[in-house]
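Got a structure for you, written out below as structure tokens; questions coming shortly.
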Protein chains: 2
Amino acid sequence: MEATISKRDKIAEAALILFAERGYDGTTVPMIADNAEVGAGTIYRYFENKEALVNELFQDGVKRLHQSMMQDYPFEGSIREQFTHLFYGMVRFAQKHLHEQYFIETHSNAYCLDETSRNTFQQLLDFFHAYIDRGKQQGMIRPLPADALIAIVFGAFTRVFTLIRSGKLEETTELLSQLEECCWDAVRVLSN
Amino acid sequence: MEATISKRDKIAEAALILFAERGYDGTTVPMIADNAEVGAGTIYRYFENKEALVNELFQDGVKRLHQSMMQDYPFEGSIREQFTHLFYGMVRFAQKHLHEQYFIETHSNAYCLDETSRNTFQQLLDFFHAYIDRGKQQGMIRPLPADALIAIVFGAFTRVFTLIRSGKLEETTELLSQLEECCWDAVRVLSN
DNA sequence: ATTAACGGAATGAATATTCATTCCCAATCT
DNA sequence: AGATTGGGAATGAATATTCATTCCGTTAAT
């Protein structure tokens with residue numbers, strides 16, 4: 001049983017990295033098998049097919065990201081505090097699962113996702129929507145469509161982390177703190 | 001000759017849309033042929049192969065984007081004015097070629113690009129770098145790595161236009177003007 | 001009538017998936 | 001204990017499918 005779990009995990013991890021680096025279509029099953037050091041057939045013992053594999057990875061990833069952002073969420077805090085919390089939840093997640101955040105981001109609109117995956121992602125978006133609506137009501141967040149604001153922060157965050165992942169940028173406390181400020185200033189109402 | 005040009009253009013346009021929507025690997029040559037209402041073989045009369053096709057589209061697109069941003073560039077203007085100009089250069093381009101901006105963005109790191117394509121893109125980045133360095137010297141732009149700042153603005157812009165393209169967001173003068181402000185506030189030094 | 005453009009079936013390479021077989025280990029028997 | 005066996009896990013060669021590219025008969029242009 002021990003070995004079983006480890007083998008399944010090896011497949012999942014190899015697939016995740018490849019999907020993140022080359023995309024779903026650019027990744028072949030033999031590639032996954034090679035990287036996981038597993039026979040091609042073994043993959044089909046654990047996953048129905050390539051599509052089921054990508055969907056399972058996506059759903060797991062989104063759920064973990066969601067958890068990571070919700071952990072110790074300051075329900076009573078200010079909009080600004082909550083923003084920081086969410087931002088660093090994302091950072092923690094990206095740090096822990098270096099490729100997973102990018103995988104999620106790049107596949108969140110992919111045609112290979114089934115309805116369950118889409119719903120799982122939608123739940124995360126719904127939470128952001130609620131947060132943004134609260135922020136708008138309090139006059140803290142710009143009166144732009146919530147989708148646009150989410151896109152702005154996610155877009156900026158993801159691309160900067162892509163640079164970090166590729167080694168073109170060094171991840172420092174300083175950089176993260178400045179990025180957080182950039183993102184906040186992009187969505188907040190300027191108060192001067 | 002009239003028909004020839006039109007046929008080549010049909011192939012290029014169909015390919016561009018498919019590459020933007022499904023990515024290079026997710027797009028098959030028969031798909032392109034179908035959408036262009038052309039026999040599969042015809043594609044090879046105009047392009048050496050699939051890779052040459054994607055590279056040609058990419059280079060053309062980047063050059064046009066570059067031109068669009070440089071047209072009437074206010075060399076003597078302020079950093080702020082130049083930012084606005086560049087932003088709307090991008091907007092004009094995205095409006096004119098709805099899928100092209102996204103295609104460029106999503107393929108700018110793709111393995112299918114040849115050296116010429118990479119160089120073409122690098123020229124655009126170099127221009128942004130120079131702009132940002134000037135802005136930093138003047139104390140107008142945050143002291144973050146230029147790559148990070150580019151990533152922030154491009155990331156935000158691209159994702160918002162993805163929403164527009166998919167119909168989830170309506171493109172209005174108001175929205176664009178606010179988005180421009182968001183992007184500027186994300187990279188500028190706050191002066192209060 | 002000659003030439004060029006075109007389409008789409010044909011081809012071979014690559015890919016996803018299956019399946020007959022091997023391997024491993026724990027349970028059972030002697 | 002040591003041998004035997006049953007069954008699930010793993011494998012990778014074989015198969016079925018899909019894809020990029022080529023080829024050649026047909027059509028259109030001059």
Side-chain angles (χ1 to χ4, degrees), chain A residues 1-60 103 106-107 110-114 116-117, chain B residues 1-60 103 106-107 110-114 116-117:
Chain A
M1 198 58 187
E2 193 54 49
T4 294
I5 288 170
S6 136
K7 199 148 283 202
R8 187 193 164 93
D9 285 352
K10 275 174 91 176
I11 294 167
E13 197 192 322
L16 185 73
I17 292 172
L18 286 165
F19 286 151
E21 280 174 353
R22 319 183 36 109
Y24 176 74
D25 290 301
T27 301
T28 71
V29 174
M31 261 181 216
I32 298 171
D34 280 357
N35 280 43
E37 291 172 306
V38 144
T42 306
I43 291 173
Y44 290 86
R45 294 195 61 74
Y46 295 101
F47 304 94
E48 198 189 328
N49 53 34
K50 190 184 170 188
E51 207 170 304
L53 169 57
V54 77
N55 275 284
E56 188 165 329
L57 289 178
F58 184 83
Q59 286 162 39
D60 274 14
F103 163 71
T106 49
H107 288 75
Y111 67 93
C112 57
L113 293 189
D114 61 25
T116 308
S117 292
Chain B
M1 197 57 188
E2 193 55 47
T4 294
I5 288 171
S6 137
K7 198 149 288 204
R8 185 192 165 93
D9 286 352
K10 276 174 90 176
I11 293 167
E13 198 192 322
L16 186 73
I17 292 172
L18 285 165
F19 286 152
E21 281 175 352
R22 315 183 39 108
Y24 176 74
D25 290 305
T27 301
T28 71
V29 174
M31 263 182 213
I32 297 170
D34 279 357
N35 280 43
E37 292 171 306
V38 144
T42 305
I43 291 173
Y44 290 85
R45 297 196 63 74
Y46 295 101
F47 303 94
E48 197 189 327
N49 53 34
K50 191 184 170 188
E51 206 170 305
L53 168 57
V54 77
N55 275 285
E56 188 166 328
L57 290 178
F58 185 83
Q59 284 162 41
D60 274 14
F103 162 70
T106 49
H107 288 75
Y111 68 93
C112 57
L113 293 189
D114 61 24
T116 308
S117 292

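To find a chain, count down the sequence lines: A is the first, B the second, and so on, and within it residues start at 1.
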Compile the donor-acceptor pairs under 3.5 Å between side chains in residues 27-34 of chain A and protein atoms, sequence neighbours left out, one pair per line.
{"residue": "A/Thr27", "atom": "OG1", "partner": "A/Leu18", "partner atom": "O", "Å": "3.2"}
{"residue": "A/Thr27", "atom": "OG1", "partner": "A/Gly23", "partner atom": "O", "Å": "2.8"}
{"residue": "A/Thr28", "atom": "OG1", "partner": "A/Met31", "partner atom": "N", "Å": "3.2"}

**OP:** Apply side-chain contact (heavy atoms from CB on, under 4.5 Å) to B/Gln59 and list each qualifying residue two or more places apart in sequence or on a separate chain.
**Re:**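 Counting only residues at least two positions away or on another chain, B/Gln59 forms a side-chain contact (heavy atoms from CB on, under 4.5 Å) with B/Asn55, B/Asp114, B/Thr116, B/Ser117, B/Thr120.
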**OP:** For A/Val54 and A/Phe103, run side-chain contact (heavy atoms from CB on, under 4.5 Å): C-alpha distance rounded to whole Å, both residues' side-chain angles, the deciding distance at 0.1 Å, then the answer.
**Re:** CA-CA 10 Å; A/Val54 77; A/Phe103 163 71; 3.9 Å; yes
Original post:
Over how many whole Å does the gap from B/Tyr44 atom OH to D/dC23 atom C1' extend?
Top reply: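 Rounding to the nearest Å, OH of B/Tyr44 and C1' of D/dC23 are 13 Å apart.
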**OP:** Hey, could you give me the CZ/CG distance between A/Phe19 and A/Leu57, rounded to the nearest 0.5 Å?
**Re:**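 If we round to the nearest 0.5 Å, A/Phe19:CZ and A/Leu57:CG are 6.5 Å apart.
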Original post:
So what is the end-to-end bend of the helix from C/dA1-D/dT30 to C/dT30-D/dA1, with 5 pairs used at each end and the value given to 10 degrees?
Top reply: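 It comes to 10° between the two terminal axes.
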Subject >> Summary of side chain to side chain donor-acceptor pair (under 3.5 Å) pairs that have at least one residue in residues 36-45 of chain B, sequence neighbours excluded >> reply: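 Every candidate side chain to side chain donor-acceptor pair (under 3.5 Å) pair involving residues 36-45 of chain B fails, so no pair, neighbours aside, qualifies.
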Original post:
Between the side chain of B/Lys7 and the main-chain N/O of B/Ala36, is any donor-acceptor distance below 3.5 Å?
Top reply: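 A pair under 3.5 Å: no.
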All N/O pairs under 3.5 Å across the protein-nucleotides 11-18 of chain D interface:
{"residue": "D/dT11", "atom": "OP2", "partner": "A/Gly39", "partner atom": "N", "Å": "3.0"}
{"residue": "D/dT11", "atom": "OP2", "partner": "A/Thr42", "partner atom": "OG1", "Å": "2.6"}
{"residue": "D/dG12", "atom": "N7", "partner": "A/Gly41", "partner atom": "N", "Å": "3.3"}

Original post:
Tell me: CZ of A/Arg8 to P of D/dG8, nearest whole Å?
Top reply: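 Distance check: A/Arg8 CZ to D/dG8 P gives 18 Å.
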**OP:** Identify, residue by residue, the members of residues 47-60 of chain B with a heavy atom below 4.0 Å from DNA chain D, and return them in order of residue number, or none.
**Re:**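 Listed by number, they are B/Asn49, B/Lys50.
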Subject >> Pairs touching residues 16-25 of chain A that satisfy salt bridge (charged side-chain N to carboxylate O under 4.0 Å, His left out), sequence neighbours left out >> reply: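 Passing the test, one end in residues 16-25 of chain A: no pairs.
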Original post:
For D/dA10, does either OP1 or OP2 sit under 4.0 Å from a side-chain N or O belonging to A/Tyr46?
Top reply: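 Yes, within the criterion.
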Subject >> For B/Glu56, all residues meeting salt bridge (charged side-chain N to carboxylate O under 4.0 Å, His left out), sequence neighbours excluded >> reply: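 Here the qualifying residues are B/Arg8.
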